[in-house]
Amino acid sequence: MALPMIEIDNVSKEYRLGAIGGTTLNAEIQTKLAKLRGKEDPNSKIGAKQHGKNERFMALDGVSFQVQPGEAVGIIGHNGAGKSTLLKLISRVTAPSGGEIRLRGRVASMLEVGTGFHPELTGRENVYLNGAILGMTKAEIDRKFDEIVEFAEMAQFIDTPVKRYSSGMYVKLAFSVAAHLDSEIMIMDEVLAVGDAKFQSKCLGRMGDEASNNNRTILYVSHNMSTIQRLCTRVIVLDHGRVVYDGDTAGGVARYLSVNRDEDTVSYLEDLPRDPACKMKVKMLKAWFPGKENNLFVQGGKIRFRLKWVVNADVFNLVLRIYLDHMTASPVGFSSIPFGDCKKGKEYETEIELDINGVIPGAYYIGCEFHEIDSSGSNTWHDYVQNMMQIEILENQQIKLGAADHTNKIPWNHNMWGSIRLASQITDNSIESI
């Protein structure tokens, strides 16, 4: 039986909170005297929490698992769960506080966009520089150079200094170099979030081929559950530095979403700041997905959510507009629902069904706006919350975009300008006086 490519044995990483020391000897003496007298540290930042010298934080606490050759493993969890810390330990960027990490094979890691790139050097020069940092020889880079540039789609800009590149161009070239390294282990930390949809799909296909055909081991960190489901055959869920799940992908995604369900499925809107242009005759109070414990939806289906709102003054010809934006802030679609005249002192709970047929998998935001249309056709804003709720649309294996009969005919993607009109309807609209 083949030995594991990665062995993580009871690994922990401890950090010391607060400043390690003063900038000068005088500052150290001032801090010490203030502490002895029971007074506030004169060198501390205003409003900052004061941490004791011995206060510690466990970023990772007793993490253990193994990864076999050819496995594509997703590492998921909320912000601060320890995902990036774990990858830094495996990549030897920093050392663990306890436990052992055993690797068998050369590691290609991409923990940040453009790691190892020098802004003053051209793309060509950075390919050689980054390749050398990753452990490639000059002869190896020479042999693969044309293939690297072709995969990154950067032939036109390869002799341009990378300081003039966009973040997407950075990640294309950096990923291409790492992908062409003859390594046994590939480590990726959310880098594909910057690329466009076409390139993301291309990268995922490449990583999948490397895992299945070339027996390359892949560790992939992402908050995009669609890419996790497409690439990974196994998922490890971290929560507060501990492994809370290690198993199949579907179960891992469900566990991750259950850990974050209240944060993702309920949005309290009443105290959020509003644009000064909003007249606030109508105000949104709360939005949620009824009957769901997560924000997960399937491509080609419908989104059902409830919106609680109150009428603070009489309004006429009131319209609710719903927006769907991609996580990159690209506008995707919109829908309008007329409410007509609404009287002051009424509180509504409106259930809305939004058709997402034709929207590709990925992470999106739902936003809502109430406006009033006067006799001349002009709009007056009353309330607007842009990124009200986040949703995740997962790939439906039974749908092949372009071949299926979609309501919108042409599916939205990142390369298309503008929005598509989304069908919507009210399935429930309860009213009570306040």
Side-chain angles (χ1 to χ4, degrees), residues 254 257-258 260-272 274 278-325 332-359 363-373 379-394 396 406-408 419-434:
L257 293 171
S258 70
N260 297 277
R261 63 178 180 268
D262 186 64
E263 177 183 336
D264 291 333
T265 59
V266 180
S267 295
Y268 299 95
L269 314 173
E270 187 170 3
D271 296 326
L272 293 180
R274 303 306 208 266
C278 293
K279 302 302 181 182
M280 303 310 296
K281 287 186 177 181
V282 175
K283 186 174 185 179
M284 291 178 278
L285 307 177
K286 180 182 173 183
W288 69 99
F289 302 114
K292 283 184 68 68
E293 293 187 343
N294 56 53
N295 62 346
L296 190 66
F297 297 89
V298 179
Q299 177 189 13
K302 295 178 180 180
I303 298 170
R304 189 165 53 90
F305 69 95
R306 291 187 75 87
L307 182 65
K308 187 175 182 179
W309 50 287
V310 63
V311 181
N312 298 318
D314 291 351
V315 289
F316 307 94
N317 295 325
L318 184 67
V319 175
L320 170 65
R321 175 162 284 197
I322 307 158
Y323 297 94
L324 186 66
D325 294 333
V332 180
F334 66 93
S335 183
S336 296
I337 298 176
F339 279 91
D341 301 345
C342 296
K343 296 295 183 180
K344 177 183 177 180
K346 299 292 185 181
E347 190 173 273
Y348 291 75
E349 267 196 21
T350 304
E351 187 167 287
I352 300 157
E353 192 175 78
L354 186 66
D355 194 336
I356 54 172
N357 192 15
V359 180
Y364 299 87
Y365 290 105
I366 295 175
C368 285
E369 165 207 321
F370 274 108
H371 65 264
E372 187 178 6
I373 305 176
N379 293 341
T380 300
W381 272 9
H382 287 307
D383 198 10
Y384 175 43
V385 180
Q386 186 175 19
N387 297 333
M388 191 172 70
M389 292 185 292
Q390 184 177 348
I391 64 167
E392 185 84 24
I393 299 178
L394 300 180
N396 187 338
H406 288 283
T407 304
N408 296 302
S419 304
I420 57 176
R421 186 177 292 275
L422 302 170
S424 64
Q425 62 175 339
I426 296 176
T427 57
D428 180 44
N429 191 38
S430 57
I431 312 172
E432 64 179 66
S433 299
I434 56 174

Test item: Ser267 side-chain N/O and Met388 main-chain N/O as donor-acceptor pair under 3.5 Å
yes
Which atom names give the shortest non-hydrogen contact between Phe289 and Gln390, and what distance separates them?
CE1-O, 4.3 Å
Would you say the side chain of Glu353 lies within less than 4.5 Å of the side chain of Asp355, judging by non-hydrogen atoms?
no
Check Tyr384, Trp381, Phe339 against Phe370 for a side chain to side chain contact (heavy atoms under 4.5 Å, CB included) and give me the one that passes.
Phe339
When Arg321, Lys281, Arg274 are each screened for salt bridge (Lys or Arg N to Asp or Glu O under 4.0 Å) with Asp383, the one that passes is Arg274
At what distance, to the nearest 0.5 angstrom, does OG1 of Thr427 lie from CD1 of Ile352?
8.5 Å
NZ (Lys279) with more than 12 external heavy atoms under 6.0 Å
no
Derivation of the side-chain contact (heavy atoms from CB on, under 4.5 Å) call for Cys368 and Val385:
CA-CA 6 Å; Cys368 285; Val385 180; 5.9 Å; no
Can you give me the closest heavy-atom contact between Leu307 and Ala287, atom names plus distance?
CD1-CB, 4.1 Å
Using a 4.5 Å cut-off on heavy atoms from C-beta on, say whether the side chain of Cys342 contacts that of Val282.
no
Rounded to the nearest 0.5 Å, what separation is found between the CH2 atom of Trp288 and the CE atom of Met389?
9.5 Å
Under 4.5 Å between any side-chain heavy atoms of Tyr365 and Gln386, yes or no?
no
Glu349 and Asp428: side-chain contact (heavy atoms from CB on, under 4.5 Å), yes or no, with the steps?
CA-CA 8 Å; Glu349 267 196 21; Asp428 180 44; 5.8 Å; no
Looking only at non-hydrogen atoms, find the nearest pair between Leu324 and Ile366 and report the distance.
CD1-CG1, 4.1 Å
Taking the side chain as every heavy atom from C-beta outward, state whether Ile391 and Ile303 have any pair of such atoms under 4.5 Å apart.
yes
Applying side-chain contact (heavy atoms from CB on, under 4.5 Å) to Ile337 and Thr350, what does each step give before you reach the verdict?
CA-CA 11 Å; Ile337 298 176; Thr350 304; over 6 Å; no
Tell me the closest heavy-atom pair linking Asn312 and Lys283, and the distance in Å.
ND2-CB, 3.9 Å
Sidechain-backbone polar pair: Ser335 side chain, Leu422 backbone, donor-acceptor under 3.5 Å
yes
Taking all non-hydrogen atoms of both residues into account, name the closest pair between Pro290 and Phe305 and its distance.
CD-CA, 3.8 Å
Do Trp309 and Leu269 come close enough that some side-chain heavy atom pair is under 4.5 Å?
no
Derivation of the side-chain contact (heavy atoms from CB on, under 4.5 Å) call for Val266 and Tyr268
CA-CA 7 Å; Val266 180; Tyr268 299 95; 3.4 Å; yes
Does a side-chain heavy-atom distance below 4.5 Å link Val359 with Tyr364?
yes
Counting C-beta onward and ignoring hydrogens, is there a side-chain heavy-atom pair between Lys343 and Val311 closer than 4.5 Å?
no
Between Arg306 and Glu351, is there a side-chain N and carboxylate O pair less than 4.0 Å apart?
yes
How long is the span from the CE atom in Met280 to the NE2 atom in His382, to the nearest 0.5 Å?
10.5 Å
Any donor-acceptor N/O pair, Glu372 side chain to Phe316 backbone, under 3.5 Å:
yes
Nearest non-hydrogen partners of Val298 and Ile393, listed with the distance:
C-CG2, 4.2 Å
